[in-house]
Amino acid sequence: MLAGVVACGGQPVAEPVFSEGASASPVLTVEAAEAALEILPELREAWRETDCDKVESLTGWAEGELGATVCKAVRNGRRGVNLPSYSDIEVFLPAEDEDGAWFTALARKPDPAYFVFAYESGTWRLALGPIPLLGKVPEPDSVPTAAADMIVKARLVPQQYLTYLTDPAGVSGVAFPSGDPVRTVLAELLRTPRRVRPDRISVDVRLAVDSARALLLDDGGALVFHAITLVFTQKPGSGRRAIRHPRYATADVRAFTGKSKPGSLTGSEIVFLITRVSAAGKMSTIGLRRELAHITAG
């Protein structure tokens with residue numbers, strides 16, 4: 001059972017945050033959010049039983065891509081998505097948002113992790129999560145209210161990550177603090193071509209979803225929940241027919257493609273992110289999870 005569920009930092013919500021309308025979104029109340037949390041034990045069981053239809057029906061947004069691809073690979077020996085039994089969960093209802101009904105949840109046990117739940121195709125689905133929290137838990141706004149300037153800043157965050165990871169020279173001016181996990185990701189992307197020689201590899205960085213979800217903070221900042229996709233395409237070097245240093249383990253390649261020694265391969269990895277944006281607009285990555293989503297072979 002899920003335990004310790006409260007809403008909006010412990011503050012009561014007297015009125016629904018959303019109302020029925022053309023978007024067909026449900027009225028979002030504390031009770032609706034609590035009921036939606038039951039997705040987690042259902043999804044954990046579906047992954048355990050490799051019930052791919054169930055996994056797909058319970059996931060959406062960026063998380064839905066894993067449900068559509070990874071579960072089938074699990075049947076061929078790939079490990080599934082790790083979804084522990086979470087408890088001490090606190091839910092946070094956002095201010096009214098044009099993206100429809102959604103909310104965030106913070107599970108404190110066994111380790112702090114965030115989730116995003118969204119109403120899609122007539123049902124609640126897990127959109128993102130779990131995303132392990134790095135460091136201290138921030139304090140969300142106890143009574144969320146619209147803040148136009150911060151919402152604008154939050155919507156720009158995914159594109160700023162994309163710019164940063166495709167601009168190693170730093171010409172754009174997008175920056176992250178020392179020790180930020182996204183700086184480690186960039187360093188890896190820069191090292192990858194050297195590590196696979198004589199193979200050739202290219203990296204494409206894309207937005208995994210076309211929007212972000214933001215939760216306002218008491219200090220005037222926000223938490224932004226979003227995801228990017230890293231696509232690695234690896235081919236044999238000049239004069240060779242096979243890859244010499246495959247980026248992915250043979251077992252993973254076989255699970256996704258049915259082949260053990262492909263002539264070339266393309267792998268997609270989703271990086272799930274939580275970004276803290278200060279009132280001044282400075283970004284820091286406070287949560288990150290990375291999953292191999294798919295491999296195709298040539």
Side-chain angles (χ1 to χ4, degrees), residues 8-9 61-62 90 92-99 102-108 111-116 127-191 203 205-230 269-290:
C8 294
W61 216 37
E90 189 173 11
F92 299 96
L93 309 184
E96 187 169 351
D97 195 294
E98 63 184 25
D99 290 330
W102 67 277
F103 68 93
T104 62
L106 170 63
R108 298 178 185 273
D111 294 298
Y114 272 98
F115 300 82
V116 174
L128 294 176
I131 306 178
L133 188 65
L134 309 173
K136 298 174 63 175
V137 176
E139 292 297 329
D141 192 341
S142 57
V143 184
T145 56
D149 57 340
M150 180 48 63
I151 295 300
V152 170
K153 292 175 182 177
R155 292 188 183 280
L156 293 175
V157 165
Q159 185 61 48
Q160 288 177 303
Y161 273 73
L162 188 65
T163 299
Y164 178 79
L165 291 173
T166 56
D167 176 34
V171 176
S172 67
V174 178
F176 290 86
S178 176
D180 191 289
V182 76
R183 296 180 61 145
T184 302
V185 174
L186 176 59
E188 177 200 336
L189 299 185
L190 295 176
R191 290 194 303 266
V203 185
V205 186
R206 308 170 183 172
L207 298 181
V209 289
D210 58 5
S211 61
R213 307 295 171 105
L215 188 66
L216 303 181
L217 300 175
D218 276 336
D219 62 6
L223 296 184
V224 182
F225 303 86
H226 59 115
I228 58 176
T229 300
L230 307 177
E269 302 173 22
I270 301 180
V271 184
F272 301 88
L273 297 155
I274 307 172
T275 302
R276 182 166 188 165
V277 184
S278 71
K282 294 184 178 180
M283 299 180 297
S284 59
T285 307
I286 68 166
L288 185 149
R289 167 175 149 240
R290 187 166 169 176

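Quick note: residue numbers are just sequence positions, from 1.
- Evaluation of the salt bridge (charged side-chain N to carboxylate O under 4.0 Å, His left out) test over residues 181-191, restricted to residues two or more places apart or in two chains, returns Glu188-Arg247, Glu188-Arg290.
- When the side chain to side chain contact (heavy atoms under 4.5 Å, CB included) test is applied to Gln159, the partners found at least two apart in sequence or on another chain are Leu162, Thr163, Leu207.
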Compile the donor-acceptor pairs under 3.5 Å between side chains in residues 168-178 and protein atoms, sequence neighbours left out, one pair per line.
{"from": "Ser172", "atom 1": "OG", "to": "Asp167", "atom 2": "OD2", "distance (Å)": "2.9"}
{"from": "Ser172", "atom 1": "OG", "to": "Val174", "atom 2": "N", "distance (Å)": "3.3"}

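- Under the 4.5 Å side-chain criterion, counting only non-hydrogen atoms from C-beta, Ile131 is not in contact with Leu273.
- Using a 4.5 Å cut-off on side-chain heavy atoms (C-beta onward), Leu106 and Arg108 make contact.
- Here Thr275 pairs with Tyr161, His226 under the side-chain hydrogen bond (donor to acceptor under 3.5 Å, both in side chains) rule; sequence neighbours left out.
- In this view, Leu133 and Pro112, Tyr114, Val137, Pro138, Ile286 satisfy the side chain to side chain contact (heavy atoms under 4.5 Å, CB included) rule, not counting sequence neighbours.
- Between Ile228 and Pro158, the closest side-chain pair of non-hydrogen atoms is not below 4.5 Å.
- Looking at every heavy atom in both residues, Arg289 comes nearest to Pro130 through CD-O, 2.8 Å.
- Applying the salt bridge (charged side-chain N to carboxylate O under 4.0 Å, His left out) rule to Arg206 yields the partners Asp204; only residues at least two apart in sequence or on another chain are considered.
- Judged by the 6.0 Å distance and 45° axis criteria, Arg213 is not positioned over the aromatic ring of Phe225.
- For Arg276 and Asp180, the salt-bridge test fails: no basic side-chain N is under 4.0 Å from an acidic carboxylate O.
- At a threshold of 4.5 Å between non-hydrogen side-chain atoms, the residues Val205 and Leu230 count as touching.
- Partners of Ala154 according to the side chain to side chain contact (heavy atoms under 4.5 Å, CB included) rule, which considers only residues two or more places apart in sequence or in another chain, are Ala214, Val224.
- Between the CD1 atom in Ile151 and the CG atom in Leu216 there is a gap of 5.0 Å [rounded to 0.5 Å].
- A side chain to side chain contact (heavy atoms under 4.5 Å, CB included) with Val277 is found for one member of Lys282, Gln160, Met150 and no other, namely Met150.
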